Asker: 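Just dropping this structure here.
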Amino acid sequence: MTTVSPLPRISTDEATALAMRLIPDWEWNPQSVGAVRALPTFAGKLVECAHACQAPYGELPHTVQDALVLRRLQQLVNVSRLNPLWRERLAGAGITEAPDSYKNWQSVPLSDKDVQRDFFMEERPGMVVPLHHGGFEVVASGGTSGGRPLEVVYSLRELEDTYRIAGDFMGTHQLGKYLPGVGPKWLMTTLADYQMWSSGTMVGGVLSHVPGINYIGAGPVTAPVLEHMFSYPGPKALMGITAGIAILSDLGAGMSQEAKESFRVALYGSGVLAQRKRVELRAMYPNLSILSYFAATQAETIGLQLTEESPYLASVPGLHFIEIVDQDGRWVAEGEEGELVVTRLHAHETPLLRLKLGDRMIRRPRIDGPGLKTQQFEFAGRTGDVLHLNDSQYSAAKAYESLRDELRANTSVDLDVAAHEVQFVNYREGKTLVLVASVDDVPGLTYSLDTALGPYGVQRTFLNSLPRSLSLFNHGEANPASIEKTGYQFQIKFVHRMSAEIERTDVGKVPLVRDRG
């Protein structure tokens, strides 16, 4: 039996010295646009670092990774300051030189979708290397949350690097154990590219770079198309938006048993896949594992769920710098919830520092055993998934969980089992909050709820549940009596599947919260 020798301990000072050798001062602080264009890629630095330490970069001690990433973040600040718009923005936050520590990095102002729009659309004044030099790709999002389109620009050479790094990681740490054997293996996506909504392009770039697989960029599929793809010999994995994965339980009804058994991994996009859908998918495809692939148009691989046993998402070492921050842009402690902030580490020509993507995450402990060493976090909902009841704010995700548990305890209704989709609709002017759930048996579930709870039961269920959806630091802010004083009325409404009463985005996503007049 062979054992893997642990890597020698590397002190912080030794790691810092290595990072300085890998990114020497002339690269660290380029003095012109021409110098930026001549910079070696950061992907090359990861390779050099791994070679110097004689181990894969993702298995290097956190001291080494932290030192190299900090050096890279400093380089990105120096590069950004060559652009007048970035220089003014950073100076406004008191940053006139590269931050000398992670603590001071947290003073770099957070960017939001408005900053992205102002810097990278129309004249694109935020690009360090102007567009006329060529070699760029414009990536656009349809603005599925806010409804306004967004664009950002990437260097093609660096984009190719990110695809390869993320693809290697997926093959090594996520998909390898699920796609066994020596025959052909398949990785597909049903993500679409239309109206310049480009997640399909970017995620497809990653999936096509997973070693040892055959890639199919299918786009939205019908049952016959899915059946045709699943007839190919060999194990299969498929990635799609959450709604696109959920519908696979319906599309597989006519498949042969052999084809169903060949489906090994379903990767669902950003968000949460309802428990009912998980049950239906596993019933249809007996060998299926369901994992989260968390991505955004601005960051094609943010976090990957490596095992069904844990909901935690692992970042790809050296790909993006991921932070979970409070309202002041400071890191939250492990176990605390904050906003997801991403900085692409592969962005010489078009840096975009500390971009808020509109998601809430819980910071989790790093992976720090033998082998892989990286960050972990857990999805907690969209930033906009907040229920506003007068002056108080409640987490919609936690409110749903509390309501589900309350109903399980007091009725025969289990929303996780019964509901295909759920959505809170907040009629603020009328002070009415409705949980709408699409189900198969509308009259039956409505009767069960009314019989078990009576005329005031739903109101009481909400009043008991909502205080449990406040954050750790706001638990004393509300109780059933104070919520009742808001004057809000609470309802649960069952509707048929695909009912127009549940609002969907143009790409089929179901926002958890919708505010109406």
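Note that the coordinates shown come from a computational prediction; the quantities given were computed from them, not determined experimentally.
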Asker: Excluding sequence neighbours, so at least two apart, what forms side chain to side chain donor-acceptor pair (under 3.5 Å) with Thr374?
Answerer: Ser315
Asker: Which pairs would a plain distance check flag for residues 222-231, meaning a side-chain donor or acceptor within less than 3.5 Å of a matching protein atom at least two apart in sequence or in another chain?
Answerer:
residue: His228; atom: NE2; partner: Tyr232; partner atom: OH; Å: 3.1
residue: Ser231; atom: OG; partner: His228; partner atom: O; Å: 2.5

Asker: Is it the case that the side chains of Arg460 and Ser465 hold a donor-acceptor pair, with the cut-off being a distance below 3.5 Å and no angle test?
Answerer: no
Asker: Give every donor-acceptor pair under 3.5 Å between a side-chain atom in residues 254-264 and any protein atom, sequence neighbours left out.
Answerer:
residue: Ser256; atom: OG; partner: Ala259; partner atom: N; Å: 3.1
residue: Gln257; atom: NE2; partner: Glu261; partner atom: OE2; Å: 3.4
residue: Ser262; atom: OG; partner: Lys236; partner atom: NZ; Å: 2.9
residue: Ser262; atom: OG; partner: Ala259; partner atom: O; Å: 2.7
residue: Arg264; atom: NE; partner: Glu261; partner atom: O; Å: 3.1

Asker: With sequence neighbours left out, write down each residue that passes side chain to side chain donor-acceptor pair (under 3.5 Å) with Thr307, or none if nothing qualifies.
Answerer: Glu309
Asker: Who passes salt bridge (charged side-chain N to carboxylate O under 4.0 Å, His left out) against Glu337, sequence neighbours left out?
Answerer: Arg360, Lys398
Asker: Which residues pass the ring-ring contact (aromatic ring centres under 6.0 Å, His included) test with Tyr400, not counting sequence neighbours?
Answerer: none
Asker: Not counting sequence neighbours, which residues clear side chain to side chain donor-acceptor pair (under 3.5 Å) with Thr301? List them please.
Answerer: Tyr293
Asker: Without placing hydrogens or testing angles, list every side-chain donor-acceptor pair under 3.5 Å for residues 430-438, not counting sequence neighbours.
Answerer:
residue: Lys431; atom: NZ; partner: Thr486; partner atom: O; Å: 3.0
residue: Thr432; atom: OG1; partner: Gly430; partner atom: O; Å: 3.2
residue: Ser438; atom: OG; partner: Glu421; partner atom: N; Å: 3.1

Asker: What residues form a side chain to side chain donor-acceptor pair (under 3.5 Å) with Gln491, not counting sequence neighbours?
Answerer: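 For Gln491 there are no side chain to side chain donor-acceptor pair (under 3.5 Å) partners, ignoring immediate neighbours.
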Asker: Test: salt bridge (charged side-chain N to carboxylate O under 4.0 Å, His left out). Region: residues 163-174. Which pairs qualify, not counting sequence neighbours?
Answerer: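 Found Asp161-Arg164.
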Asker: By ring-ring contact (aromatic ring centres under 6.0 Å, His included), which residues pair with Tyr447, not counting sequence neighbours?
Answerer: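 Residues passing ring-ring contact (aromatic ring centres under 6.0 Å, His included) with Tyr447: none at all.
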Asker: Quick one: list whatever passes ring-ring contact (aromatic ring centres under 6.0 Å, His included) with Phe462, sequence neighbours left out.
Answerer: Phe490
